[in-house]
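Notes follow the structure.
The structure presented is a predicted model; accordingly, all values stated were derived computationally and were not measured.
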Amino acid sequence: MRHPRALFLLGLLLLAAGTLAAQQPAAHPVTKNEVLIKNGTILTITHGTIPNGSIYIKDGKIAAVGQTVEAPPTAKVIDATGKFVMPGIIDSHSHLALDNDVNEATSPIVPHMRMEDAFHYTDKAVYRALAGGVTTSLLLHGSANMIGGQALVMKHKYGLDREQMLFPGAPPSIKFASGENPKRVYGSRQQMPSTRMGNFAVQRQALEDARDYMQQWSAYEAKAKAGDKDAKAPKRDLKLEALADILRGKFLVQIHCYRADEFLTEMAMAREFGYKVRAFHHALEVYKVADKVAAEGVGMATFADWWGFKHEAYDAIPWNAVMSMRKGVRVAIKSDSDDFARRLNQEAAKAVRYGGATEDEALRMITLNAAWVVGVDDRVGSLDVGKDADLAIWNHHPLSNYALVDQVLIDGEVFFDRSLPGYGMPHYKEGQ
Amino acid sequence: VKDNRVIGRSANRVIGAALVALMCLSASAFAQKSKPTAKPEPARAIVLRGGKLMTISHGTIENGTLVMENGKITAVGAAASVKVPKNARVIDVTGMTVYPGLIDSETHLGLTEISLDTTTNDLEETSDAIMPHMHVYDAFHAESDLIPVTRMNGVTNAIVAPATRDTLPGQDAFVQLAGKSSDEMLLVRDIAMPLNFTGAQRRNESFQTAKFPQTRMGMAAQLRQAFIDAQDYAQKLADYEKKAADWEKEKKGDKPSPPKRDLKLEALLPYLEGKRPVVLAAEEPSDLKVALGLAAEFKLKVILNHVSHSQILLDEIAATRLPVIVGPIYETPKDDERYDSVFKLPAELVRRGVKIAFASYDEHNVRNLPYQAGYAVAYGLSREEAMKAMTLNPAEIWGVADQLGSLDVGKTANVVVADGDPMEVRTDVKRVFIAGHEVPMESRQTRLRDQYSK
């Protein structure tokens, strides 16, 4: 019985893959409805708090924000009296909806892996984070590899199709990792790398190979351009292609990195090969070298207070985020966890507690700064005219432990409403 | 071969010398570290004056005063009515909130330092699933860097349990998170025994590497056998005692010899006799039913643990009148559960009259215990019940309510002063007193902060 059933399943999978491949990325459903959110405390992130303020949303974008806004009487009204409106939370380090496909741990260099190919878009974890006010997540490759795969930027439009959940136009990111994880994974198999020396040697060699590959192509292109009919194109290699794209600056480079010395090494290597590091992730020791990280314009996506789970996390301190911010580093607080993704507001509150961030500064760590890490800060992360209408309405101030999300809107549409029965999702029905 | 042997021997000697040197080093490091963390105060009384006192047992006193003497609370009341002893150290806590030290009902403090570094871990003995003769007090590391980090946020007492891979991983200790040595910190050595029945104890489900027990059936059978063996052992002991008593009367024939001592079976006896509770951990309804059935079969005294996915059994749980250590409420719901089904559990249990206690089930971030309680409040639990579930309720559940869990005269002076609501993340804990001593607000983490703030 097992055998025919497996074949049947395989057939189904192939069918599904065929359908996906044939499908053109559909434009997200345009919201004709206009929405007016009124009488709420508006936490704009970029221009302060507006008591008794309103937001007018048109075609999925924020059309007006202020004490009073003009909106046509036909707009659907959401009364936010006594409530707090803040931009949707951006989780700048997530592995939601990737199941066990998160880590291609068979080689330390796998830049040609694409998280889009692993995207399990019906994962309920996407919904549970949505119910915690998260509207955008950066889905990253795991940390077994010095150079891992290409990230995916997701909007938490749970219940819609796979293509409709991708953040349109988001820039591509690629994941690097350093330190204990790669050396443990490969070292345990008697492979290189098994030390930090090995880690960086493998990374440097890969980048040298990319340079070589680029030279082969430019030599060929020059010959072809000069009319050399015998010029032979080099073999196209997806792995080297992706590495070359790093050197061409086509990726935001997101580096999993814990230790102070390794931030310095990674930044030196980026200078040597001419690419930019977008952000250090986990980044638990940035407080030790924050001026250097700030000078390089590198951001960080960190845990609020996790520590001690391994050696390179033993010097982690909860003041890291604020100490680094005060030195000029752009700081985001992220989840790296299906659990913490549901309550990133409470993690941000720890920046107030440890180091005395202002409420705006703390909220920025899970909104605008996180959006910058992902490269979508011109689109989301604050309540400003022209931005996507991705926002959450809370029953208390979101930095309070007693705060719950009442409603979440993405592109102006309600995707979560706590008052609804069942799952609280207008776009999702059980069995879908 | 000969040469090798010589080299081998001298190498051994070198290693031996190095080991001795290392041991000396660590001994001196130990001596340095084991200096009293809480400075012994002289007999002078400490008075906290003008704060908002959350007594837990008898309401909140706005503008209250609390007096500590010789490690105990000696007065609690309205500032106007409490007499300040002569020569007391008076601390003005106007605008502050004062509450009893928090009690975490399951942690692994003192059993691990760095999770991935096995040399720092004494979390559990995984060679067998039935290990009731493992005692946390044999491994508890009083000088762990995790302890100051924890107590600085107002957690003053904790259950320390082994990790949960074994069905019976050993016996819990109840600790105080300050003291000169582990002796002073281990308040109750074998306070209870975890009985884990969550499925995490299955010995590898893969057919290639599986060991017994691989299924829930196997776990149940193994547990039942362990308790039956212990009953037989108890019978043997009783038979021997009777024979020995008879022999003492007439001294005829050979003196009967006692049965061979079996520490594993012996460790189960207090639980079979109902002298101490088992902490019965189960999440799914089916696990909970099987485990409760076993507990009834052997007449075990039970404290329930987790019940995270047993929403359909809440009325039944309430009917047992057993206390529940609930959570962690951060446990992810099942896919067919609403997002808030576990967050709401504490409120749902209390609504049915169940006595609950919170636990972090953590080691490095035990300090975040009060935030879990706060989040349960967001999902319907009253603030009073949430505070009780970290103070008086666990004190009652663990049998230490005569000493801990509320601001009452005669109790141990474990007292916390904070600048706001204890369950809000933004609140800063300002002072912590454990057994009447003010604990320095210092940890490995504050030292790193200060070093790199210069």
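Of the listed residues A:Ala131, A:Ala125, A:Ala362, the one with more heavy-atom pairs under 4.5 angstrom with chain B than any other is A:Ala131. The most heavy-atom pairs under 4.5 Å with chain B, out of A:Gly424, A:Pro318, A:Ala351, come from A:Pro318.
Using a 4.5 Å cut-off between heavy atoms, B:Val342 does not touch chain A at all. Looking at A:Ala403, the atoms closer than 4.5 Å to chain B (heavy atoms on both sides) all sit in the backbone: N, CA, C or O. At a 4.5 Å heavy-atom cutoff, the contact between A:Leu399 and chain B is made by backbone and side-chain atoms alike. Only the backbone of A:Ala316 comes within less than 4.5 Å of a heavy atom of chain B; no side-chain atom from C-beta onward does.
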Distance-only criterion, 3.5 Å: which donor-acceptor pairs connect chain A and chain B?
unit_1   : atom_1 : unit_2   : atom_2 : d
A:Lys124 : NZ     : B:Asp335 : O      : 3.0
A:Tyr127 : OH     : B:Tyr339 : N      : 3.0
A:Arg128 : NH1    : B:Pro333 : O      : 3.3
A:Asp305 : O      : B:Asn365 : ND2    : 3.3
A:Asp305 : O      : B:Arg367 : NH2    : 3.0
A:Asp305 : OD2    : B:Asn368 : ND2    : 2.9
A:Trp307 : NE1    : B:His364 : O      : 3.0
A:Gly308 : O      : B:Ser115 : N      : 3.1
A:Gly308 : O      : B:His364 : NE2    : 3.1
A:Phe309 : O      : B:Leu116 : N      : 3.0
A:His311 : NE2    : B:Asp117 : OD2    : 2.7
A:Tyr314 : O      : B:Arg444 : NE     : 3.2
A:Tyr314 : OH     : B:Glu113 : OE2    : 2.6
A:Tyr314 : OH     : B:Asp145 : OD2    : 2.9
A:Asp315 : OD1    : B:Arg444 : NH2    : 2.2
A:Ala316 : O      : B:Gln445 : NE2    : 3.2
A:Arg342 : NH2    : B:Tyr330 : O      : 2.5
A:Arg353 : NE     : B:Thr427 : O      : 3.1
A:Arg353 : NE     : B:Asp428 : OD1    : 3.0
A:Arg353 : NH1    : B:Asn153 : OD1    : 3.1
A:Arg353 : NH1    : B:Tyr371 : OH     : 2.9
A:Arg353 : NH1    : B:Thr427 : O      : 3.3
A:Arg353 : NH2    : B:Asn153 : OD1    : 2.7
A:Glu359 : OE2    : B:Arg426 : NH1    : 3.0
A:Leu399 : O      : B:Arg426 : NE     : 3.3
A:Ser400 : OG     : B:Glu424 : OE2    : 2.7
A:Asn401 : N      : B:Glu424 : OE1    : 2.7
A:Asn401 : ND2    : B:Tyr371 : O      : 3.0
A:Asn401 : ND2    : B:Met423 : O      : 3.0
A:Tyr402 : OH     : B:Asp421 : OD1    : 3.3
A:Tyr402 : OH     : B:Asp421 : OD2    : 2.6
A:Arg418 : O      : B:Arg338 : NH2    : 3.0
A:Leu420 : O      : B:Arg338 : NH1    : 3.0
A:Gly422 : O      : B:Arg338 : NH1    : 2.8
A:Tyr423 : OH     : B:Asp335 : O      : 3.1

